[in-house]
Amino acid sequence: MSLSNIDTPAPRIMMCPPDHYGIEYEINAWMSTLRQADNALAVAQWGQLRDVLEHCGAEVLLQPPVKGLPDLVFTANAALIYHDRAVLSRFRHPQRQGEQLHDRQWLEEQGFRVEELPDGMHFEGAGDALFCGDTLLSGYRMRSDAAAMQEVGRRLNHRVIPLELADPYYYHLDTCLCPLAPGRAIYFPGAFDDYGRRVLQDVVKELIEVGEDEARSFACNAVVVGKHVVTNVGCPRLHQDLRSAGFTPHETPLSEFVKSGGSAKCLTLRLDGEEAASWKYAMV
Ligand code: ARG
């Protein structure tokens, strides 16, 4: 049974089945080819995540998996979606650059107008660019370039708040920050420097702090579907805080994806705008 209101269209989420998923290279601090993912378990965990999201009222659309592209499962990195526009990622690491062609093709098939950033500007989509209300919070340095974020903000005509990521374990912004609603977000303070923390506290009125142990369990890598928030297991304090704030948290095991430096949010891309993004409700 779905929990969505039957009068409103279901939130649409892009996912890609993990048929060809594995740890085939090392491009972040979590990945070691000596610590392989169990593919059968990954398939089961991915299926459970999909079930939870559907239970929360989402409609899941599937991108076909491609052999040789093990990280295609992390659809958050395909693009940044804005109404019917998709700003395609330009991956920093050559190991993931082969995904761009497939992402472009799939997004075009879904009716999006796909745009690219200039050559040489690295940008990793909704992994590093997160709307909180009208503001685009953007992580840079590890994967995306600050200049790419300014270019995205200019094109979409939204204010960009650049946040430097300095800890290699929190290399994408969505590993340490998750907008919940306009003016409200979850974050792990330790992933930012003093300046970044101050800026965040200034821009986002209500911040729910995650401790280091739960941040390591990817507590901040949450999928928000209305009042539902879905994370990996191992985040009980965050779940308590979410309940107190009026949300309904759900947990689902994602150990095999953590081995690649990813979790719930990384495995999804909202195609219709997240609840935290005001542009969802604005006309263009
Ligand atoms: N192995 C992938 C990489 O390093 C994980 C991507 C996780 N995605 C995310 N949005 N945080 O690129």
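Just so it is clear, the values below take in all heavy atoms, side chains as well, and ignore hydrogens, waters and symmetry mates. We count ligands from 1, going down the list as the structure has it; atoms in each ligand are counted the same way.
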Can you list the ligand 1 atoms lying under 4.0 Å from a non-hydrogen atom of [X]?
X	answer
Ala76	10 (N)
Met31	1 (N)
Gly127	10 (N)
Arg96	2 (C), 3 (C), 6 (C), 12 (O)
Gly261	7 (C)
Ile27	3 (C), 4 (O), 12 (O)

Note to self: Contact between ligand 1 and Tyr171 is defined here as a heavy atom of the residue under 4.0 Å from a ligand atom; is it met?
What the structure shows: yes
Check: Would you call Arg143 a ligand 1 contact, heavy-atom distance under 4.0 Å?
Finding: yes
Could you check whether [X] pairs with [Y] (Lys NZ or Arg NE/NH1/NH2 to Asp/Glu carboxylate O, under 4.0 Å)?
X	Y	result
Arg197	Glu209	no
Arg90	Asp119	yes
Arg85	Glu115	yes

Is any N or O atom of [X], backbone or side chain, closer than 3.5 Å to an N or O atom of ligand 1?
X	result
Asp71	yes
Thr175	no
Asn221	no

Check: For the hydrophobic clusters of this structure (ILVMFWY residues joined by side-chain heavy atoms under 4.5 Å, transitively), does one cluster hold both Ile208 and Phe247?
Finding: yes
Notebook entry, point to check: Between His93 and Tyr25, does the ring centre distance come in under 6.0 Å?
Noted result: no
Checklist line | From the candidates Asn77, Leu173, Thr268, the one that places a heavy atom nearest atom 8 (N) of ligand 1 | finding: Asn77
Checklist line | Pair Gln201-Arg198, side-chain donor/acceptor within less than 3.5 Å | finding: no
Check: Within a strict 4.5 Å, meaning less than it, do heavy atoms of the Cys16 and Trp106 side chains meet?
Finding: no
Note to self: Is there a side-chain contact between Cys220 and Lys265 in this structure, where contact means two heavy atoms from C-beta onward sitting under 4.5 Å apart?
What the structure shows: no
Check: Picking from Arg143, Met142, His172, what satisfies side-chain contact (heavy atoms from CB on, under 4.5 Å) with Asn28?
Finding: Arg143
Checklist line | Closest protein heavy atom to atom 10 (N) of ligand 1, given as residue, atom name and distance to 0.1 Å | finding: Asp174 OD2, 2.8 Å
Notebook entry, point to check: Identify the closest protein heavy atom to atom 9 (C) of ligand 1: which residue and atom is it, and at what distance?
Noted result: Cys266 SG, 2.9 Å
